[in-house]
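Computed over heavy atoms, backbone and side chain alike; hydrogens, waters and symmetry mates excluded.
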Amino acid sequence: MAPRVERLVTSGQFSLDGGTWDVDNNVWIVGDDHEAIVIDAAHDADAIAEAVGDRRLTAIVCTHAHNDHIDAAPALAERTGATIWLHQDDLPLWKQTHPDRDPDAWLQDGQVIEAAGADLRVLHTPGHAPGAVCLYGPGLATVFTGDTLFQGGPGATGRSFSHFPTIIDSIRDRLLALPPETKVLTGHGDPTTVGAEAPHLQEWIARGH
C-alpha cells in the first residue's frame, strides 16, 4: 500500500517577541492505513488524533519550534505514544512554549524518518529559526518546508532567532537544488513547486526580507 499525504488545517495563535497573531496552520499526515507520522502538531491535539484515527502514530516531527507548530505536540504524544522529534538548535524556542517537557529525540541533517514506506530525509534549513528543518520525500516527489519556503518566497525573518541571509542560503543550497517538479508543502497556505519558486530567488534577495 503506497503512503499518502493528508492535510489538516488547524487554527490558533502564534506568539513571539511580545506579539500575538491569529494563524491557520497546515498539519501534514504521512502514512498508509496502518501507521503514520505527523509533521507539525499545531493547536488542536484532538483534531489531529481524529485525523490519524486508529493508525499507529510513530512520530511527531517538528519543522521548527515556534509555538504555533508545536503547541499540541506533547498532548498528542501523550495520547498516542509517538516520539516528538526536533532539531536541537531550536530547543531555546521550544522551552518558551514547553518549559517542563523536552522533545524525545533530536533531528540530524541527513537523517531519514520512515513513514509507512515513505523515506523522508531531514534537511537542516536554518534562517526562519536556528533549528528549522525541511523533510524531503523523493518517493513522494514532495518536500515539507514548514515556514522556510512558501508560495511566493521565504518565511519571515524579522523576529528573534531568525536571519534573512541564512534563510536565503538554506533555500538556494538545499531546496532549490531539488528536482523542479518537487511539490512544496508549506506550514501555512497553499502548496507550490520548487520549479515555480526557483526563478524568483534574486527578487527575494533584492527585497531583502
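- Expressed to the nearest 0.5 Å, how far CG of Leu93 lies from CG of Asn67 amounts to 9.5 Å.
- Legend: side-chain hydrogen bond (donor to acceptor under 3.5 Å, both in side chains) pairs involving residues 79-89, not counting sequence neighbours, sorted by first then second residue: Asp46-Arg79.
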>> The test is side chain to side chain donor-acceptor pair (under 3.5 Å); show your working for Thr63 and Asp40 and say whether it passes.
In response: CA-CA 6 Å; Thr63 61; Asp40 288 345; 2.8 Å; yes

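- Inter-residue side-chain proximity for Arg174 and Asp109 is flagged as met; some heavy-atom pair is nearer than 4.5 Å.
- Under a hydrophobic-cluster definition in which Ile, Leu, Val, Met, Phe, Trp and Tyr are linked whenever side-chain heavy atoms come within less than 4.5 Å, directly or via other members, Leu178 and Ile168 are assigned to the same cluster.
- Shortest non-hydrogen contact noted between Thr10 and Val27 is OG1-CG2, 3.8 Å.
- Closest approach of Pro3 to Ala115, counting heavy atoms only: CB-O, 4.0 Å.
- Counting non-hydrogen atoms of neighbouring residues, nucleotides and ligands closer than 6.0 angstrom, the CD atom of Glu50 reaches no more than 12 such neighbours.
- For Glu78, the CD atom counts as loosely surrounded, since its 6.0 Å shell holds 12 or fewer non-hydrogen atoms of other residues, nucleotides or ligands.
- His124 places no side-chain N or O within donor-acceptor distance of the main-chain N or O of Gly110, the cut-off being under 3.5 Å.
- With no hydrogens or angles considered, a side-chain donor-acceptor pair links Asn25 and His43 at under 3.5 Å.
- Atoms OH and OG1, from Tyr136 and Thr182 in turn, are 4.5 Å apart once rounded to the nearest 0.5 Å.
- With rounding to the nearest 0.5 Å, the separation of CZ in Phe164 from CD1 in Ile205 is 6.5 Å.
- In this structure, Asp71 CG and Phe14 CZ are separated by 11.5 Å, a value rounded to the nearest 0.5 Å.
- Here the closest heavy-atom approach between residue Pro191 and residue Leu185 is recorded as CB-CD2, 3.6 Å.
- Residues Val9 and Arg7 form a side-chain contact, since some pair of their non-hydrogen atoms from C-beta on lies under 4.5 Å apart.
- Formation of a donor-acceptor pair under 3.5 Å by the Asp169 side chain with backbone atoms of Arg172 is not found in this model.
- Here the straight-line distance linking atom CG of Asn26 with atom CG of Asp190 works out to 8.0 Å at 0.5 Å rounding.
- A continuous path of hydrophobic side-chain contacts links Leu201 to Val194 [ILVMFWY only; heavy atoms under 4.5 Å].
- Considering only heavy atoms from C-beta on, Ser170 stays 4.5 Å or farther from Leu175 through its side chain.
- Linking ILVMFWY residues whenever their side-chain heavy atoms come closer than 4.5 Å, directly or via other members, leaves Leu8 and Val61 in distinct clusters.
- Hydrophobic clustering (side-chain heavy atoms under 4.5 Å, transitive across Ile, Leu, Val, Met, Phe, Trp, Tyr) groups Ile60 together with Ile29.
- Heavy atoms only, all atoms of each residue included: Thr148 and Ala132 are closest at OG1-CB, 4.0 Å.
- Under the 4.5 Å side-chain criterion, counting only non-hydrogen atoms from C-beta, Pro103 is in contact with Leu91.
- Between His64 and Phe161, every side-chain heavy-atom pair lies at or beyond the 4.5 Å cut-off.
- Closest heavy-atom contact between Val52 and Leu57: CG2-CD1, 4.2 Å.
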> What's the verdict on side chain to side chain contact (heavy atoms under 4.5 Å, CB included) for Leu140 and Val30, showing C-alpha distance, side-chain angles and the deciding distance?
Replying inline: CA-CA 10 Å; Leu140 299 170; Val30 184; 4.1 Å; yes

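- Residues Phe150 and Val23 are members of separate hydrophobic clusters, defined by side-chain heavy-atom contacts under 4.5 angstrom among Ile, Leu, Val, Met, Phe, Trp and Tyr.
- Scanning both residues, Ala72 and Ile48, for their nearest heavy atoms gives CB-CD1, 4.5 Å.
- Looking at heavy atoms from C-beta onward, Gln111 lies out of side-chain contact with Trp106 at the 4.5 angstrom threshold.
- Comment: Asp102 engages Lys95 in a salt bridge, judged by a side-chain N to carboxylate O separation of less than 4.0 angstrom.
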>> Determine whether Thr186 and Leu149 satisfy the following criterion, side chain to side chain contact (heavy atoms under 4.5 Å, CB included), listing intermediate values before the conclusion.
In response: CA-CA 7 Å; Thr186 57; Leu149 177 63; 6.0 Å; no

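- A 4.5 Å side-chain heavy-atom check between Glu197 and Gln151 finds at least one atom pair inside the cut-off.
- Classified by interplanar angle (parallel below 30°, tilted 30° to 60°, perpendicular above 60°), the ring pair His188/His69 is perpendicular.
- Atom CD1 of Ile113 is separated from atom CG of Leu120 by 7.0 Å, given to the nearest 0.5 angstrom.
- Between Ile84 and Trp94, some side-chain heavy-atom pair lies under the 4.5 Å cut-off.
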